[in-house]
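Order of the sequence lines fixes the chain letters, A, B, ..., with proteins taken first and strands second; residue numbering starts at 1 for each chain.
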2 protein chains.
Amino acid sequence: MSKATALHHDYETLLREAGVRITKQRQAILKIIADAADHPDAMEIYNRASALDASVSLPTVYRTMKTLEENGAIRRHTFEGGPSRFEHADSEHHDHLIDVDTGSVIEFTSPKIEALQREIAEELGYDIIHHRLEIYGKRRR
Amino acid sequence: MSKATALHHDYETLLREAGVRITKQRQAILKIIADAADHPDAMEIYNRASALDASVSLPTVYRTMKTLEENGAIRRHTFEGGPSRFEHADSEHHDHLIDVDTGSVIEFTSPKIEALQREIAEELGYDIIHHRLEIYGKRRR
DNA sequence: AATGCAGTTGAAAATCACTTGCAATTAGTT
DNA sequence: AACTAATTGCAAGTGATTTTCAACTGCATT
Ligand SMILES: [Mn+2]
Ligand SMILES: [Mn+2]
Ligand SMILES: [Zn+2]
Ligand SMILES: [Zn+2]
């Protein structure tokens, strides 16, 4: 059993049930998103989706990502310096380490850090809505 | 002895020694930065500096912030959704909690979280260049 | 299967936060 | 005071993303 393999990702049904119409452009974009195992940006999604359906436009990619985000299907990340990058929202929460030389993104989780954040927010009198932890590093050699 | 009071902040000397010319526009901007106890963005710095010297322009604010950043005098933060915000670089490292309702920024430090990040990077075979930890929260009521 | 229409589309223009080109100005050395 | 490279404001340019708008199309309803 592969832990990395994400399940169904039936974004089409999810959106349909949210009253969103499934156009052929959206079908192409949704397929790309469902199959993505990385953190592509809008232009990358546009390029991949264009191969499936040449009628997809960049504004529609942005609109679809926003719709998916509003419906909790995907998460948006804005790593330093670059455009927004997207990933499935149904994966377990994790944070990211970005290789500043290659730009590659490595995921990690730390229950301890998560707990410490809750303690800090608690002490300050806050409830955490969400947080962002990004480590920028260079591969050790 | 107030711990919050930051010291000298002689950005003028710092820049002068870096071979940067001190114009009257820069003097105004540097005074604003030196006196700032918050995390103002470029427009806010422009507004404050304009009150001291009406000849300050927004491009010069941006250029000066970039120069200060390149000389390690200030740090730039890009909190979710907003423009870059700046703060002194000579303060001890800390992370931020942003009140999503008011936009106010609260600073905090967690030696434990810092240590855990080093452990994580270590395990992944990376040296940390820098990191970003932002907690977005709502005041508990 | 045809109709109706609100939701959706692509293309072009707009926006936002910066950044840059350039001619005029000026800080700081000589 | 003269010199000259750094700096300035303004206008134009960028890059990512959003919006406008007229044409098109899902899809619920006949
Ligand atoms: Mn991820
Ligand atoms: Mn701070
Ligand atoms: Zn986390
Ligand atoms: Zn930190």
Open item on the list: So Asp41(B) and Phe79(B), do their side chains get closer than 4.5 Å, heavy atoms only?
Closed with: no
Task: Spacing of Gln27(A) atom CD relative to dT25(D) atom P, expressed in whole Å - done: 14 Å
Task: Separation of atom CD in Glu17(B) from atom P in dA27(C), rounded to whole Å - done: 20 Å
- [ ] Keeping the roles fixed (side chain from Arg26(A), backbone from Arg21(A)), state whether a donor-acceptor pair exists under 3.5 Å.
- [x] yes
Open item on the list: If you assign Arg76(B) and Arg21(B) each to the DNA chain C nucleotide with the nearest heavy atom, which residue ends up on the more 5' nucleotide?
Closed with: Arg76(B)
- [ ] Provide, to the nearest angstrom, the distance between the CD atom belonging to Gln25(A) and the C1' atom belonging to dG7(C).
- [x] 12 Å
Open item on the list: Expressed as a whole number of angstroms, how long is the span from Tyr46(B):OH to dA17(C):P?
Closed with: 15 Å
- [ ] Rounded to the nearest angstrom, tell me the gap between atom CZ in Arg16(B) and atom P in dT29(C).
- [x] 9 Å
Open item on the list: What is the separation between atom NZ on Lys24(B) and atom C1' on dT8(D), rounded to the nearest whole Å?
Closed with: 8 Å
Open item on the list: Grouping I, L, V, M, F, W and Y whenever their side-chain heavy atoms are under 4.5 Å apart, do Val100(A) and Ile128(B) come out in a common cluster?
Closed with: no
Open item on the list: For His130(B) and His93(B), which I'm curious about, is there any donor-acceptor pair between the side chains at under 3.5 Å?
Closed with: no
Task: DNA chain C-proximal residues of residues 56-74 of chain B, any heavy atom under 4.0 Å - done: Pro59(B), Tyr62(B), Arg63(B)
TODO: Would you mind telling me which of dA27(C), dT25(D), dC18(C) lies closest to the side-chain atoms of Thr23(B)?
DONE: dA27(C)
Task: Result of checking His96(B), His77(B), Arg85(B) against His39(B) for side chain to side chain donor-acceptor pair (under 3.5 Å) - done: His96(B)
Task: Distance-only polar pair, side chains of His88(A) and His9(A), donor-acceptor under 3.5 Å - done: yes
TODO: Report the C-alpha distance between Lys31(B) and Glu12(B) in whole Å, list the side-chain angles of each, state the deciding distance to 0.1 Å, and finish with yes or no for salt bridge (Lys or Arg N to Asp or Glu O under 4.0 Å).
DONE: CA-CA 9 Å; Lys31(B) 173 144 185 46; Glu12(B) 198 166 311; over 6 Å; no
Open item on the list: Reading DNA chain C from 5' onward, which residue's closest nucleotide shows up sooner: Ser84(B) or Ile22(B)?
Closed with: Ser84(B)
Open item on the list: In this structure, how many angstroms lie between the P atom of dT17(D) and the CD1 atom of Ile45(A), rounded?
Closed with: 10 Å
Task: Rounded interatomic separation in angstrom, taking CD1 from Ile29(A) and P from dT9(C) - done: 7 Å
